[in-house]
Amino acid sequence: MFRRSRVLAATTLLATVLVTASACSKDDSSSDGGSTVSAGSGDLKKVTYVTAFGAVGRDSFVWVAKEKGFFKDAGIDVDIQKGTGNVQNLTLIKSGGAQFAALDFTGAEIQAGLGKFTNWRAVAAVHQQTLVSIMTTADTKITKPTDLAGKTVGTGTGSVSELLFPAYAKQAGLDPKSVKLQGAQATALNGLMAQRKVDALSTFLLSKKALETASKKEVTVMPYSEYLSDLFGNAIIAREELIASDKDLVKKFTDAAMKGLQYAVDHPDEAASIMNKAEPTAAIPAAVGEINAMKPYVAPPNGAPLGHLDQERVARSIAVLQGNGLIPAGLTPDKVVDFSFIPAS
């Protein structure tokens with residue numbers, strides 16, 4: 001009887017091991033899209049998303065989409081990582097360290113045009129126009145682009161703000177050679193302006209409130225979009241391999257992210273609080289300021305759905321970059337955008 005009990009116990013243990021192994025095999029199955037994880041009544045596809053830059057208002061919508069259950073409802077479990085700029089985000093996409101990322105679309109076009117990063121496609125626009133701007137404190141008396149002649153402009157070293165400045169200057173009637181560009185870490189720019197170590201900044205207009213806080217002065221903003229109207233701002237990109245292998249996942253992710261974006265601009269205070277809950281270092285007032293500042297730039301023209309990327313505008317943006325010598329000929333819209341995820345209607 002004792003021997004029989006031992007045999008039954010061993011048989012039960014073996015069955016348990018086999019069941020567990022089978023379950024683990026199912027949960028750990030992966031493709032380019034990531035792994036599948038158990039989620040109570042169903043399975044969620046696990047993916048990694050990288051924000052454009054840290055945890056700031058312009059990126060709050062992805063935390064909103066996660067907190068509100070938009071991703072879960074789409075069958076997706078999103079691991080949100082804080083990004084550090086275009087090159088780093090594109091490197092993660094290229095290596096497979098992330099399936100989705102947000103970044104400055106114009107900067108990404110430049111990287112693709114130069115042949116440095118090509119295995120990605122934009123699937124949705126976060127901002128319909130570039131948010132790169134000249135910002136300065138009112139005491140400098142700089143109120144128009146030509147006032148920058150003979151001045152020093154601080155900008156992120158190697159950033160799209162730096163790369164685009166010559167094109168902006170030419171379109172605005174300013175000789176770019178008459179301006180000294182001073183490169184610095186992006187996080188140091190507001191301090192440079194507040195201490196008047198530079199006369200102006202070439203940076204993102206969404207940081208206006210932060211500059212006002214740092215300088216305790218009124219801030220003048222001159223958007224690049226006044227002269228470079230065909231350039232987009234931030235966009236969501238996906239790995240080219242993921243689009244090819246699991247287009248349905250990319251579509252569901254894009255739709256959920258756009259729901260989060262719409263909710264964020266409609267409820268900026270709540271969106272900022274949601275992000276702060278996930279990332280306590282994200283200051284709520286600054287995030288609210290960014291969300292409110294970007295709201296006018298989110299809605300596409302002509303009533304197109306949120307996130308839509310217009311193919312003709314993308315072609316014109318490429319022409320602007322080529323015409324100003326930032327990229328060689330050869331880049332076409334289909335090499336940087338998959339237009340099928342958010343059609344015009």
Side-chain angles (χ1 to χ4, degrees), residues 49-62 81-94 98 100-114 116-118 120-135 154-168 181 183-187 189 201-208 210 221 223-238 257 261 290-291 293-294 296-298 300 307 309-310 313-314 316-318 320-322 324 326-327 331 333 335-337:
Y49 171 92
V50 186
T51 69
F53 194 86
V56 291
R58 76 200 76 165
D59 285 302
S60 62
F61 67 90
V62 71
Q81 301 290 327
K82 291 182 288 185
T84 53
N86 272 27
V87 172
Q88 294 85 345
N89 287 7
L90 287 167
T91 299
L92 280 171
I93 291 291
K94 183 176 182 178
F100 300 93
L103 42 64
D104 182 86
F105 180 66
T106 301
E109 283 181 295
I110 293 172
Q111 293 291 334
L114 295 174
K116 295 181 179 180
F117 296 94
T118 58
W120 60 273
R121 295 293 183 275
V123 295
V126 178
H127 307 129
Q128 290 293 318
Q129 290 188 327
T130 180
L131 300 182
V132 178
S133 302
I134 296 295
M135 290 201 301
T155 186
T157 302
S159 68
V160 66
S161 303
E162 181 181 64
L163 294 173
L164 281 178
F165 181 79
Y168 165 76
L181 291 183
Q185 291 291 328
T187 53
L189 292 177
L201 301 176
S202 177
T203 185
F204 291 92
L205 68 84
L206 298 185
S207 60
K208 177 185 176 184
V221 178
Y224 277 30
S225 58
E226 290 183 6
Y227 297 94
L228 301 171
S229 59
D230 288 320
L231 303 184
F232 287 86
N234 281 5
I236 295 175
I237 68 169
L261 178 59
E290 277 210 3
I291 297 168
M294 81 177 194
Y297 296 86
V298 167
L309 284 152
D310 180 78
R313 271 194 63 200
V314 173
R316 292 197 299 269
S317 72
I318 291 172
V320 168
L321 300 178
Q322 292 173 343
N324 285 278
L326 294 174
I327 58 174
L331 188 67
K335 293 180 180 179
V336 289
V337 180

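Here the CD1-CG distance, from Ile318 to Leu331, works out to 4.0 Å after rounding to the nearest 0.5 Å. Within the model, atoms CG of Asp59 and OH of Tyr49 stand 5.5 Å from one another, a figure rounded to the nearest 0.5 Å.
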Could you give me the CA-CA distance, side-chain angles and deciding distance for Met135 and Thr203, then say whether side-chain contact (heavy atoms from CB on, under 4.5 Å) is met? CA-CA 7 Å; Met135 290 201 301; Thr203 185; 3.4 Å; yes
Could you please spell out the steps behind the side chain to side chain donor-acceptor pair (under 3.5 Å) verdict for Tyr224 and Ser202? CA-CA 9 Å; Tyr224 277 30; Ser202 177; 2.7 Å; yes
Take Phe117 and Ile93 through the test side-chain contact (heavy atoms from CB on, under 4.5 Å) and record every step on the way to the result. CA-CA 9 Å; Phe117 296 94; Ile93 291 291; over 6 Å; no
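Here the closest heavy-atom approach between residue Ser317 and residue Glu109 is recorded as OG-OE2, 2.8 Å. The two residues Thr155 and Ser161 have their closest heavy-atom pair at OG1-CB, 3.5 Å.
Within the 4.5 Å cutoff, the side chain of Tyr168 has heavy atoms near those of the Ile134 side chain. Residues Val50 and Phe100 have side chains not in contact (no heavy-atom distance under 4.5 Å, counting atoms from C-beta outward). Within the 4.5 Å cutoff, side-chain heavy atoms of Leu231 are placed close to those of Leu164. The side-chain heavy atoms of Leu206 and Ile291, taken from C-beta on, include no pair separated by under 4.5 Å.
Taking Glu226 as the reference, nothing meets the side-chain hydrogen bond (donor to acceptor under 3.5 Å, both in side chains) condition, with sequence neighbours excluded. For Tyr297, the ring pair (Phe, Tyr, Trp, His ring centres under 6.0 Å) criterion is met by no residue, not counting sequence neighbours.
With hydrogens and angles ignored, the 3.5 Å screen pairs no side-chain donor or acceptor of Glu162 with any backbone N or O of Thr157. Side chain of Asn89 to backbone of Ala102: a donor-acceptor contact under 3.5 angstrom is found. A donor-acceptor contact shorter than 3.5 Å is absent between the side chain of Asn234 and the backbone of Val126.
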